[in-house]
Amino acid sequence: PGPPPIQGIIMPSRWNEHGKPARIAIHTDDRQAYEIDFSGAGKELLDLTYRKVAIQGKLRQLLNGREILSVRQYQIIEDACENCISNP
């Protein structure tokens with residue numbers, strides 16, 4: 001069935017001059033960050049910053065050594081709760 005989906009939170013990684021996200025990355029639970037490629041479904045994730053998602057896609061190595069994720073499909077994970085108070 002292919003590799004497991006990459007799960008994490010979509011976060012802006014660069015902003016434009018208007019203060020809007022110009023690039024985004026997915027930050028995973030194991031502290032990895034993968035820049036999102038805007039080809040295909042990747043551009044739709046701009047509207048999902050700070051949401052938890054699972055992404056099916058393909059990681060490519062860039063010349064500078066960073067990895068970029070081409071999104072084939074994604075799913076919003078609903079159990080993310082920004083306003084929850086966790087008990088210590």
- Residues passing the side-chain hydrogen bond (donor to acceptor under 3.5 Å, both in side chains) test with Tyr34, sequence neighbours excluded, are none
- 4.5 Å side-chain heavy-atom contact, Ile55 and Leu69: yes
Name each donor-acceptor pair under 3.5 Å that joins a side chain in residues 58-65 to protein atoms two or more places apart or in another chain, with its distance.
| residue | atom | partner | partner atom | Å |
| --- | --- | --- | --- | --- |
| Arg60 | NH1 | Asp37 | OD2 | 3.2 |
| Arg60 | NH1 | Ser70 | OG | 2.6 |
| Gln61 | NE2 | Gly65 | O | 2.7 |
| Asn64 | OD1 | Arg66 | N | 3.0 |

- Query: For Asp30, what residues pass the side-chain hydrogen bond (donor to acceptor under 3.5 Å, both in side chains) criterion, not counting sequence neighbours?
  - Reply: Thr28
- Item | From OH (Tyr74) to CG (Leu48), nearest 0.5 Å | 5.5 Å
- Message: Please check if the number of heavy atoms outside Glu67 that lie under 6.0 Å from its CD is greater than 12.
- Response: yes
- Closest approach of Ile36 and Ile68, non-hydrogen atoms and distance? C-CG1, 4.1 Å
- Message: With salt bridge (charged side-chain N to carboxylate O under 4.0 Å, His left out) as the rule and sequence neighbours excluded, what pairs involving residues 11-28 come up?
- Response: Arg23-Glu35
- Query: Going from CD1 on Ile26 to CD1 on Ile6, what distance comes out if it is rounded to the nearest 0.5 angstrom?
  - Reply: 6.5 Å
- Which distance, rounded to the nearest 0.5 Å, do you find between the NZ of Lys43 and the CG of Leu45? 11.0 Å
- Message: Applying side-chain hydrogen bond (donor to acceptor under 3.5 Å, both in side chains), can you list everything that pairs with Gln7, at least two apart in sequence or on another chain?
- Response: none
- Item | Joint hydrophobic cluster, Ile76 plus Val71, side-chain heavy atoms closer than 4.5 Å | yes
- Message: According to side chain to side chain contact (heavy atoms under 4.5 Å, CB included), who are the partners of Pro5, at least two apart in sequence or on a separate chain?
- Response: Ala54, Gln56
- Note on the structure: Of all heavy-atom pairs linking Ile24 and Phe38, the shortest is CG1-CE2, 3.8 Å
- Task: Rounded to the nearest 0.5 Å, what's the gap from CD1 on Ile10 to CG on Asp47? Could you check?
- Result: 11.0 Å
